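The next block holds one structure in the form of C-alpha cells; read it before the comments.
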Amino acid sequence: MKRWTDDLRKSDQIANIYRSDVEQAKVLLDLLRWMGERDQMVFLTDRWERQVFRHAILDAAIEENRLIVLPSRSTMCASGRFDPKAFLHFLAGEISRSIDEGYRHLVLMWEADWAAASREWSTQVAKFGSLLALARIPGGPTIIAQYGAGYWGEEWLASLRRSNQLVLEGGALTRNFWVVSTSSLRAMTATPAEPQADKVQIDETDHRPG
C-alpha cells in the first residue's frame, strides 16, 4: 500500500492540514518511520500532554534523542511576537546543534494553531510558511507546518492549499507549482542579521510551473 511518505524527499517543505488529534499524531509517527537512523526531529507543539501522543514509538524516539519536543508559540514568538528572522535563526541553530550531535538530517515540524487566534498572527505565520520554500537553508532540513482545520477555518485552509508548494491532507501529498516573487521573503527577513542567520540565504530564482 502506497504511503504519503513514499513521495517525500529530504528538504521538502510541507503544509499539513489535519482534521483530528489522531491524524496529527499519525503524521508524526509516519515521519519517524520515514526518517533514517541518524536523522533527528524537532516537534513544536503546545499540546504534547494530550493522550494521543502517549505512544511507545514516540516514547522510544524521545529516549533515543531522535525526537525533541518544544513548545510552539513561545519558541516561534521568543521576543513576544512572531519574528520570521528570529525563527530562521532558531532553525539554523537547531541544524548546527543536530550536526554537532552526530545527526545527518533534521526534520522540523511546527504546529501553527496558536496563530489562528488573531488575523494578524494568521497572516504572518501562513505567509512565512508558504514562502519558506524559497529560502536556501544550510543542511536542507525537511519542514512540516501543521494547521488544524478546526482552528483555521475553510477560508484559510483554501488559501493554504493554494499558497504552499506541498500540501499534505487526508493522507495524500499534493505537489503544486506556482510563480512567486522572492521579494516577499526578503522583505520579511530584512531586519539586521545575527551571525548564525547569515548562513540562511534567499533563493533569487522564481519557482515556475513544471
Side-chain angles (χ1 to χ4, degrees), residues 5 8-16 24-25 27-49 53-112 114-115 125 128-146 165-166 168 182 185-186 188-204:
T5 50
L8 181 62
R9 300 193 295 259
K10 288 189 174 181
S11 78
D12 276 344
Q13 296 176 25
I14 300 167
N16 169 216
Q24 182 188 19
V27 171
L28 178 59
L29 289 167
D30 288 345
L31 285 165
L32 284 169
R33 294 184 178 108
W34 168 81
M35 287 163 48
E37 290 184 2
R38 298 307 303 166
D39 295 347
Q40 188 180 53
M41 179 191 293
V42 174
F43 179 33
L44 307 185
T45 177
D46 292 322
R47 300 192 293 272
W48 183 247
E49 73 284 351
F53 290 128
R54 308 284 73 80
H55 194 289
I57 292 177
L58 301 182
D59 291 341
I62 288 176
E63 185 175 344
E64 296 166 1
N65 202 40
R66 295 183 65 239
L67 172 62
I68 296 174
V69 180
L70 299 172
S72 182
R73 180 174 178 174
S74 61
T75 299
M76 297 179 72
C77 300
S79 65
R81 62 183 180 83
F82 178 65
D83 183 343
K85 190 76 168 182
F87 192 47
L88 287 175
H89 278 295
F90 165 80
L91 178 54
E94 285 301 294
I95 293 169
S96 296
R97 176 200 53 74
S98 185
I99 292 173
D100 290 345
E101 292 178 3
Y103 293 95
R104 297 176 181 173
H105 182 71
L106 182 68
V107 178
L108 177 72
M109 185 157 73
W110 45 283
E111 179 185 88
W114 61 267
V125 171
F128 175 82
S130 66
L131 293 177
L132 193 56
L134 300 179
R136 292 199 297 269
I137 303 174
T142 301
I143 301 176
I144 301 90
Q146 291 198 306
Q165 189 176 27
L166 284 166
L168 172 62
T182 61
L185 186 53
R186 284 198 297 271
M188 290 171 63
T189 59
T191 55
E194 297 175 17
Q196 180 112 35
D198 291 341
K199 299 178 182 178
V200 180
Q201 300 177 354
I202 306 306
D203 190 349
E204 296 297 334

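As the structure is a prediction and not an experimental result, all values here were calculated from the model. What's counted below: heavy atoms across the whole structure, side chains too, no hydrogens, waters or symmetry copies.
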### Message
With side chain to side chain contact (heavy atoms under 4.5 Å, CB included) as the criterion, how do Arg97 and Tyr103 come out once you've worked through the C-alpha distance, each side chain's angles and the decisive distance to 0.1 Å?
### Response
CA-CA 9 Å; Arg97 176 200 53 74; Tyr103 293 95; 5.5 Å; no
Contact summary for [X] and [Y], nearest pair of heavy atoms:
X	Y	result
Asp83	Lys85	OD1-N, 3.0 Å
Leu91	Leu106	CD1-CD2, 4.4 Å
Arg38	Glu101	NH2-O, 3.8 Å
Met76	Phe82	O-CD1, 3.3 Å

Ignoring hydrogens and geometry, is there a side-chain-to-backbone donor-acceptor pair from [X] to [Y] under 3.5 Å?
X	Y	result
Arg54	Asp59	no
Gln40	Asn65	yes
Thr142	Ser11	yes
Thr75	Pro71	yes

#### Entry: Residues in side-chain contact (heavy atoms from CB on, under 4.5 Å) contact with Ala15, at least two apart in sequence or another chain
Tyr147, Asn164
What I'd like to find out is whether the side chain of [X] reaches to under 4.5 Å of the side chain of [Y], using heavy atoms alone.
X	Y	answer
Trp114	Arg47	no
Leu58	Phe43	no
Val125	Phe87	no
Leu108	Pro141	no
Ile144	Leu31	yes
Leu166	Leu8	no
Gln146	Leu28	no

### Message
Atom CD of residue position Glu49 - does it have more than 12 heavy atoms of other residues, nucleotides or ligands inside 6.0 Å?
### Response
yes
### Message
Check this for me: Arg104, atom CZ, are more than 12 non-hydrogen atoms of other residues, nucleotides or ligands nearer than 6.0 Å?
### Response
no
### Task
Pick out which of Gln24, Arg73, Glu111 makes a side-chain hydrogen bond (donor to acceptor under 3.5 Å, both in side chains) with Thr45.
Glu111
### Query
For the residue pair Phe53 and Trp48, does the interplanar ring angle fall in the parallel (under 30°), tilted (30 to 60°) or perpendicular (over 60°) class?
parallel
### Test side chain to side chain contact (heavy atoms under 4.5 Å, CB included) applied to Trp110 and Ile143, Leu70, Val42, the passing residue
Ile143
What's the spacing between [X] [atom1] and [Y] [atom2] if we round to 0.5 Å?
X	Y	atom1	atom2	answer
Leu44	Ile68	CG	CD1	10.5 Å
Glu94	Met41	CD	CE	13.5 Å
Leu32	Asp39	CG	CG	10.0 Å
Ser98	Arg66	OG	CZ	11.0 Å

### Contacts of Asp30 that satisfy salt bridge (Lys or Arg N to Asp or Glu O under 4.0 Å) - sequence neighbours left out
Lys26, Arg33
### Message
If the condition is salt bridge (Lys or Arg N to Asp or Glu O under 4.0 Å), which residues does Glu37 pass it with, not counting sequence neighbours?
### Response
none
